[in-house]
Amino acid sequence: MSFIKALIEHLHLRCNPAITEVASWTLGLSQRLEENSSLVISITLMVTLLCICMVIGHLLEENRWMNESITSLLLGVCVGAIVLIFTKGTNSHILEFDEEIFFVYLLPPIIFNAGFQVKKKQFFQNFVPIILFGVVGVFISFAIISLGTGLTFPLFNLEGLGVRDYMALGVIFSATDSVCTLQVLNQDETPLLYSLVFGEGVVNDATSIVLYRVVENLDFSQIDASAILQTVGEFFYLFLSSTLLGIAVGLLSAYVIKKLYFGRHSTDREIAVMILMAYLSYVVAEVLYLSGILTVFFCGIVMSHYTWHNVTESSKITTRHTFATLSFIAETFIFLYVGMDSLDKDKWNMTNVSVATSIGICATLLAFILLGRAAFVIPLSAASNFASRGARTRITFRQQIIIWWAGLMRGAVSIALAYEKFTADSAINATMITSTILVMLFSTVVFGLLTKPLVHWLVPPHASEMETETRTLGGGSEDLNFHLLNEDESTCQQNAPTANTSLQRSSSAVHHVWRTFDDAIMRPLFGGRGFVQYLHHSNGQMQNSFASIPDRH
């Protein structure tokens with residue numbers, strides 16, 4: 001490179017402008033090739049690490065303590081240490097993390113697959129406690145963490161944080177990551193518990209991101225009763241409008257695929273339309289300043305209920321595995337990168353706090369996280385039990401402990417929000433980012449390692465075996481999936497037949513109204529389970545047929 005520079009200087013002095021311009025272009029080309037080569041090498045190393053994560057995760061599948069999230073995180077830390085050593089302490093990254101990449105490319109497939117794979121009947125039958133945990137619980141945790149950090153952080157001599165920063169911290173550490181717990185639970189063996197943990201995790205992430213945007217747009221110079229009401233109204237507007245947009249895009253995709261029936265010519269087209277329409281719902285929501293997370297989640301629910309049943313059998317298999325694979329790769333990449341980023345020397349050099357102070361900050365945050373979870377899980381579970389008054393949806397004390405534990409881990413959403421709020425351009429911002437990383441590492445590794453033994457202790461495997469046997473003897477009816485056959489709930493089922501009957505009648509009435517409307521209007525218009533495409537041989541035109549088939553999903 002130095003030779004080329006010297007040659008260009010010589011040409012500037014001795015040659016005509018045309019030759020000088022060619023030489024300058026050659027220098028620019030060589031620089032671009034060098035940059036591209038570095039990018040290709042970085043991508044190659046990252047893909048290699050992802051493959052290693054898959055292999056190690058497979059080998060540790062039956063391990064009592066480890067799971068793929070912890071494996072990816074620890075592997076990221078090890079790789080970051082190796083990179084740090086080989087670069088002589090100047091870098092620990094293979095690729096630079098960008099929160100925009102996370103929100104635009106990595107998060108959508110994770111959330112969409114969550115909505116696409118969810119068992120809708122269980123999700124909506126437990127909709128009230130899910131909303132209580134995922135929305136009301138976020139506000140309670142947000143208030144406790146914001147107030148707690150605002151009162152305790154000044155004791156650590158942290159300067160430069162304002163009210164908006166403490167409120168942002170409340171949102172950041174209210175965003176849970178229940179991946180470790182979901183990897184242990186089985187939705188067929190413990191359907192109620194799985195549905196509550198899974199549903200709260202998705203709604204929690206969406207609520208946290210919506211609440212973060214509201215906090216960032218809040219005008220603290222005009223705080224009064226009307227401003228508070230306006231803020232609450234803005235939150236519900238974002239929540240409802242994002243949900244309706246996701247439903248609308250999901251119905252549009254179902255209608256387009258049903259009417260045009262791409263599968264008669266190419267299954268590739270209908271798969272492409274499903275993927276692009278799903279991503280379109282997210283980007284449209286972002287363009288309209290709505291919550292893309294909520295939009296793509298409900299789009300996934302609607303597409304699994306209508307659109308997925310309008311495609312060919314081969315496309316059904318392909319789309320389901322494609323969405324799950326993209327989500328799995330995105331999650332693994334996030335944990336892998338965060339592990340490497342924990343050793344970023346620039347962030348640690350920029351912080352002006354001691355090791356003891358840093359430990360104190362992280363311990364304080366963890367204490368408020370524990371307190372914030374307990375402050376809403378127990379009372380909201382009691383409220384849900386009082387409202388349901390039935391054993392099937394009754395949340396036992398053991399299940400409350402698992403729900404509380406499942407929300408203690410912090411993950412990708414917390415990291416992304418921390419990067420977006422606290423850019424590492426000052427000492428206090430770097431301190432907040434490193435503290436977030438440490439809390440995420442500790443909660444995921446320590447709490448995550450204890451998740452599988454805790455769940456197996458609270459929900460013994462023999463209870464799952466008994467439930468599976470009961471479900472088999474009952475003819476495979478999915479209604480029996482709601483029994484969690486632990487001692488507490490079995491006793492409730494035996495002693496409360498009247499409440500069970502009342503609950504069944506209430507649930508059956510609502511479900512009957514919805515199924516009547518769905519069968520009479522929605523499915524003939526948008527397709528779905530029971531809708532069949534076939535060729536009408538009398539005129540050669542494609543016709544539609546609909547037959548009501550029981551939907552147990």
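Hydrogens, waters and symmetry mates are skipped; everything else that's a heavy atom, side chains included, is used. These figures come from a predicted structure and were not determined experimentally. If you read the sequence from its start, that first residue is 1, and numbering goes on from there.
In this structure, Arg213 does not pair ionically with Glu234, as no charged nitrogen and carboxylate oxygen lie closer than 4.0 Å.
A donor-acceptor distance shorter than 3.5 angstrom exists from the side chain of Gln400 to the backbone of Ile395, with no hydrogens or angles considered. A donor-acceptor pair under 3.5 Å is absent between the side-chain atoms of Ser291 and the main chain of Val210, judged by distance alone. Thr295 places a side-chain N or O within donor-acceptor distance of the main-chain N or O of Ser242, the cut-off being under 3.5 Å. A donor-acceptor pair under 3.5 Å links the side-chain atoms of Ser281 to the main chain of Ala278, judged by distance alone. Of the possible donor and acceptor atoms, one in the side chain of Thr444 sits under 3.5 Å from a partner among the backbone N and O of Arg410. Side-chain atoms of Asn113 never come within 3.5 Å of backbone atoms of Pro109 as a donor-acceptor pair (strictly under, hydrogens ignored). A donor-acceptor pair is defined here as one N or O able to donate and one able to accept, closer than 3.5 Å; such a pair exists between the side chain of Thr48 and the backbone of Thr44.
You'll find the side chain of Asp205 stays beyond 4.5 Å of the side chain of Leu107, heavy atoms only. The side-chain heavy atoms of Thr436 and Phe173, taken from C-beta on, include a pair separated by under 4.5 Å. Counting heavy atoms from C-beta outward, Met303 and Val249 have side chains that stay 4.5 Å or more apart. Put simply, the side chain of Met432 does not reach to within 4.5 Å of the side chain of Ile172, judged on heavy atoms. The closest side-chain heavy-atom distance from Val136 to Ile131 is not below 4.5 Å. Phe368 places a side-chain heavy atom less than 4.5 Å from the side chain of Thr152. Between Ile415 and Tyr337, every side-chain heavy-atom pair lies at or beyond the 4.5 Å cut-off. A 4.5 Å side-chain heavy-atom check between Phe103 and Tyr282 finds at least one atom pair inside the cut-off.
Ring pair Phe198/Phe297 is tilted by interplanar angle, where 30° to 60° counts as tilted. Ring geometry for Phe323 against Phe116 counts as perpendicular: the plane angle is over 60°, on a 0 to 90° scale with 30° as the lower cut.
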I would like to know whether Trp405 and Leu454 meet side chain to side chain contact (heavy atoms under 4.5 Å, CB included); could you show each step before the answer? CA-CA 9 Å; Trp405 185 270; Leu454 178 67; 3.5 Å; yes
Hey, mind stepping through Val439 and Leu366 against side chain to side chain contact (heavy atoms under 4.5 Å, CB included) and telling me if it holds? CA-CA 7 Å; Val439 170; Leu366 286 169; 3.9 Å; yes
Check against side chain to side chain contact (heavy atoms under 4.5 Å, CB included), Val79 and Leu45: CA-CA 10 Å; Val79 172; Leu45 291 175; over 6 Å; no
Before giving the answer on side chain to side chain contact (heavy atoms under 4.5 Å, CB included), spell out for Val445 and Leu73 the whole-Å C-alpha distance, their side-chain angles and the decisive distance to 0.1 Å. CA-CA 8 Å; Val445 175; Leu73 200 60; 3.9 Å; yes
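Closest heavy-atom contact between Val197 and Ala406: CG1-CB, 3.8 Å. Shown here for Gly134 and Val138, the closest heavy-atom pair between the two residues is O-CG2, 3.1 Å. For the pair Ser241 and Leu238, the tightest heavy-atom approach, listed with the atom from each and the gap, is OG-O, 3.4 Å. Heavy atoms only, all atoms of each residue included: Leu75 and Ile52 are closest at CD2-CG2, 4.0 Å. The shortest heavy-atom contact between Pro154 and Gly150 is CD-O, 3.3 Å. Heavy atoms only, all atoms of each residue included: Phe376 and Gly372 are closest at CD2-O, 3.0 Å.
Considering CZ of Arg398 and CG of Leu193, their distance stands at 12.5 Å, rounded to 0.5 Å. Interatomic distance, Asn157 CG to Thr357 OG1, rounded to the nearest 0.5 Å: 8.0 Å. Rounding to the nearest 0.5 angstrom, the gap separating the CZ atom in Phe335 from the CD1 atom in Ile70 is 9.0 Å. A distance of 10.5 Å separates CD1 of Ile247 from CG of Leu294, quoted to the nearest 0.5 Å. Distance CG/Asp177 to CG/Asn204: 10.0 Å, rounded to 0.5 Å. With rounding to the nearest 0.5 angstrom, the CG atom of Leu50 is 8.0 Å from the OG atom of Ser72.
Checking each of Thr332, Leu326, Thr325 against Phe328 for a side chain to side chain contact (heavy atoms under 4.5 Å, CB included) leaves exactly one that passes, namely Thr332. Put simply, the residue from Ser174, Ser208, Ser146 that forms a side chain to side chain donor-acceptor pair (under 3.5 Å) with Ser141 is Ser174.
Residues Phe139 and Phe235 bring their aromatic ring centres within 6.0 Å.
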